[in-house]
Amino acid sequence: MIAFVSGPVAALTPTLAVIEVGGVGMAVQCTPNTIAGLRMGEQAKLATSLVVREDSLTLYGFADDDERQVFELLQTASGVGPRLAQAMLGVHSPDALRLAVESGDEKALTAVPGIGKKGAQKLLLELKGKLGAAPAVVGAQRVPAAGPAPWTEQLSAALIGLGYASREAEEAVSAVTPQAEAAIAAGGSAPVPQLLRAALQSLNRAR
């Protein structure tokens with residue numbers, strides 16, 4: 001098992017970071033939130049989880065060990081693979097997921113792309129007690145996926161991390177704001193991974 005990778009950031013995409021480890025570039029799948037904390041050429045350390053399949057070896061990266069642990073625990077629920085587990089962590093922090101599961105917050109889970117109402121109900125039952133207790137203060141401290149400030153900051157940081165100037169990032173955030181507001185108005189949350197892809201498309205069109 002590869003517990004972590006550490007080294008300079010050699011490349012970044014919206015969903016993947018390449019970390020140079022001993023002269024070898026390790027491709028690590030990451031959430032936009034994790035990507036947002038990385039900078040090209042700077043040192044980085046990511047907790048990792050290696051997913052082995054018959055035809056592939058995929059390394060998933062996380063900001064810390066807690067996030068990696070929750071990623072692995074989420075996959076103990078039937079129907080949850082590494083991609084869905086990562087999508088859940090792309091929308092909610094580990095403590096926010098703990099709070100959602102322990103409080104039976106179905107709406108929080110359906111905010112994750114790929115999880116419907118029945119799937120959320122099933123996950124709440126299967127994950128109950130598995131992720132650990134959420135801190136009593138998490139409700140006041142957590143940063144929800146919905147709402148203007150958190151998603152705009154996440155998206156802007158991710159774009160700057162990918163090498164765009166602050167002005168370009170600001171323009172791209174403005175371009176996808178209607179899409180985010182529509183998602184929030186529909187009772188969901190601002191889907192940062194999809195918004196990041198849309199923002200990149202708007203920047204490519206502008207160049």
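In this text the structure is predicted, and so the values were computed from the model without any measurement.
Minimum heavy-atom separation, Arg53 to Pro82: NH2-CD, 3.4 Å. Of all heavy-atom pairs between Arg98 and Gly132, the closest is CD-O, 3.6 Å. Of all non-hydrogen atoms in Gly79 and Leu84, the two that sit nearest each other are O-CD2, 4.0 Å. Heavy-atom minimum distance, Met40 versus Ala10: CE-O, 3.2 Å. The shortest non-hydrogen separation linking Val70 to Pro94 is CG2-CB, 3.8 Å.
Here Leu74 contributes atom CG and Gln69 contributes atom CD; the two are 10.5 Å apart, rounded to the nearest 0.5 Å. Rounded to the nearest 0.5 angstrom, Ser103 OG and Leu124 CG are separated by 8.0 Å. Remark: Met88 CE to Gln75 CD distance equals 10.5 Å, nearest 0.5 Å. How far CG of Asp65 is from OG1 of Thr48: 9.5 Å, rounded to the nearest 0.5 Å. Atom CZ of residue Arg197 and atom OG1 of residue Thr13 lie 10.5 Å apart, to the nearest 0.5 angstrom. The structure places CZ of Arg83 at 4.5 Å from OH of Tyr60, a figure rounded to the nearest 0.5 Å.
Grouping Ile, Leu, Val, Met, Phe, Trp and Tyr by side-chain contacts under 4.5 Å, direct or through others, puts Leu16 with Val18.
Heavy-atom neighbours of Lys130 NZ from other residues, nucleotides or ligands within 6.0 Å: above the threshold of 12.
With Leu97 as the partner, the side-chain contact (heavy atoms from CB on, under 4.5 Å) test is satisfied by one option alone out of Val112, Leu123, Leu109: Leu109. Looking at Thr31, Leu200, Ile35 one by one, the single match for side-chain contact (heavy atoms from CB on, under 4.5 Å) with Pro14 turns out to be Leu200.
One hydrophobic cluster, built from ILVMFWY side chains closer than 4.5 Å, cannot hold both Leu59 and Phe4; they sit in different ones. Follow the hydrophobic side-chain contacts under 4.5 Å out from Ile115 and you never reach Leu125; the two are in separate clusters.
The backbone N or O of Tyr164 sits nowhere less than 3.5 Å from a side-chain atom of Glu168 that would complete a donor-acceptor pair. Between the side chain of Gln29 and the backbone N or O of Gln86, no donor-acceptor pair lies under 3.5 Å. Side-chain atoms of Glu102 never come within 3.5 Å of backbone atoms of Lys128 as a donor-acceptor pair (strictly under, hydrogens ignored). For Glu42 (side chain) and Leu38 (main-chain N/O), no donor-acceptor pair under 3.5 Å exists by modelled atom type. Side chain of Thr76 to backbone of Glu72: no donor-acceptor contact under 3.5 angstrom is found.
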